[in-house]
Each structure stands twice: as C-alpha cells, then as structure tokens.
Amino acid sequence: MAELAGRDVQVALVSTDEFATWEEPVSWWPRLETGVLAPLRVGRTGRYRRVDWSTGVPMPGEEVEIGVPEVLVLEGVSSGRARMRPSLSLLTWVDGGSEAERLDRAAGRDGEESRADLRRWQLFERGWFAVDGTRAAADSVVSLSTSVSDPTSLVVDTHLS
C-alpha cells in the first residue's frame, strides 16, 4: 500500500476485523456490501460503522467514510470469499504459521482472556476456508514465519500458487 501511495495512487484499506464479532464471524457481509462496496462501485463514498473492541466486547464504534479510491484493499477473514472473487483484481492468501503460533500471537495481542474465543474463531476459520476454497483460489501466497533469533520479526516469502 505504501508503494502505491508513494506513486500518488489513491488507496483505501477496509479490514474485515472492523465488521466481524465472535457471534458474527462472516455473516456481517451484507453491511460491507451495501455500505461500502456497492457505493464505491458507482463512484460514491462508502460508509460503515466500525466494531469497537476496546473493552474486549464488540460494540458499535465510530462511523468510517471511505472515499472512492483508485485501489481498494479488502483484507481479513472472508475477504476472498467465493462470492467476491469475480470482483477481485488479486487474491492473496496470507499463511500466518501453525494454528498454535497464530493463537499465541493473537492472545498476545488481545490478551490471554480472549484465548478461548480466539480458539473457537480458529476452528470456524478452518471450516470456512475448507468449504470456501479460499487458499486454492489465491493468485499468490505469502508465508509469514517468525525468525528463531528474533521472534518478533516476520520473514515474507511470496510465490504464485
């Protein structure tokens, strides 16, 4: 994104994390479609209400406006869902390591008290991706792995699938 912005390309980022909750891991999609994607397709500003996780419990947060960009980056779980693929220019799968590594990183970020919810989320993701075929449909795969000497660094290895 920084490279595109550096070339004066208008880029907007929308994260599915700003829609999803523990109870609605993917069923929030109509809000994204009607509030953001449909307006942007016809050259109008998109809007949505971000989910606020600051208390550890999802609550309605601030309204976000997305101006019409030249490039829209949609990232997060289910952003590459089968229904969306015909509209995508590029689908990249990010392989974040083993389930245990990803769970440890997420619990480190969100707090140990969220570990059980995060684990349920992982199990949901596993089923979602198996049924949806997201990884197999990806144009490229980015593998992230922690360095043994510096566990906070990420090594990115990109290859076409």
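Model, not experiment: these values are computed from the prediction. Computation of the quantities below employed the complete heavy-atom set of this structure, encompassing side-chain atoms and omitting hydrogens, waters and symmetry-equivalent molecules.
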Item to check | Least distance between heavy atoms, Ser79 atom then Gly76 atom | outcome: OG-O, 2.7 Å
Checklist entry - Is Arg102 salt-bridged to Asp95, going by a charged N under 4.0 Å from an acidic O? => result no
Next on the checklist: With heavy-atom distances below 4.5 Å as the criterion, would you say the side chains of Ser78 and Trp29 are in contact?
Outcome noted: yes
Checklist entry - Salt bridge between Arg41 and Glu33, side-chain N to carboxylate O under 4.0 Å? => result yes
Checklist entry - Residues two or more places apart in sequence or in another chain: which of them pass side-chain contact (heavy atoms from CB on, under 4.5 Å) with Glu70? => result Val9, Gln10
Next on the checklist: With heavy-atom distances below 4.5 Å as the criterion, would you say the side chains of Glu75 and Val94 are in contact?
Outcome noted: no
Checklist entry - Side-chain contact, heavy-atom cut-off 4.5 Å: Leu103 with Arg115? => result yes
Item to check | Closest non-hydrogen atom pair, Glu113 against Asp110 | outcome: OE2-O, 3.5 Å
Next on the checklist: Nearest 0.5 Å, please: how far is CG in Leu91 from CZ in Arg81?
Outcome noted: 12.5 Å
Checklist entry - To the nearest 0.5 Å, what is the distance between CH2 (Trp93) and OG (Ser143)? => result 11.0 Å
Checklist entry - Taking all atoms of both residues into account, what is the closest heavy-atom pair of Glu101 and Gly97, and its distance? => result OE1-CA, 3.2 Å
Next on the checklist: Closer than 3.5 angstrom, by distance alone: can the side chain of Gln122 be matched with the main-chain N or O of Glu99 as a donor-acceptor pair?
Outcome noted: yes
Next on the checklist: Looking at every heavy atom in both Leu72 and Leu40, which two are closest together, and how far apart are they?
Outcome noted: CD2-CD1, 3.9 Å
Checklist entry - Do any N or O atoms from the side chain of Glu24 and from the backbone of Thr21 form a donor-acceptor pair under 3.5 angstrom? => result no
Checklist entry - Is the closest side-chain heavy-atom distance between Leu74 and Leu32 below 4.5 Å? => result yes
Checklist outcome for this item: Note: Ala12 and Ile66 closest approach over all heavy atoms is CB-CG2, 3.8 Å
Next on the checklist: With clusters defined by side-chain heavy atoms of hydrophobic residues (ILVMFWY) lying less than 4.5 Å apart, directly or transitively, does Val71 cluster with Leu88?
Outcome noted: no
Checklist entry - Got Val77 and Phe129 here, is their nearest side-chain heavy-atom distance under 4.5 Å? => result yes
Checklist entry - Looking only at heavy atoms, what is the nearest atom pair of Gly46 and Pro39, with distance? => result CA-CB, 4.1 Å
Checklist entry - Transitively linked via ILVMFWY side-chain contacts under 4.5 Å: Leu37 with Val73? => result no
Next on the checklist: Side chains of Arg50 and Asp17, heavy atoms from C-beta outward: is any pair under 4.5 Å?
Outcome noted: no
Checklist entry - Is the backbone of Val64 close enough, under 3.5 Å, to the side chain of Arg47 for a donor and an acceptor to pair up by distance? => result no
Item to check | Hphob cluster co-occupancy, Trp128 + Trp28, side-chain heavy atoms under 4.5 angstrom | outcome: no
Next on the checklist: Check for me, please, whether Trp53 and Tyr48 land in the same ILVMFWY cluster - side-chain distances under 4.5 Å, paths through other members count.
Outcome noted: no
Checklist entry - Would you say Ser114 and Trp121 make side-chain contact, with heavy atoms under 4.5 Å? => result no
Checklist entry - Looking at side-chain heavy atoms only, is the closest gap between Thr134 and Arg85 below 4.5 Å? => result yes
Checklist outcome for this item: CZ of Arg49 to CZ of Phe19, rounded to nearest 0.5 Å, is 11.5 Å
Checklist entry - Does Met84 share a hydrophobic cluster with Val14, counting links as ILVMFWY side-chain heavy atoms below 4.5 Å and allowing steps through other members? => result yes
Next on the checklist: Donor-acceptor check, side chain of Asp132 to backbone of Ala82, threshold 3.5 angstrom: yes or no?
Outcome noted: yes
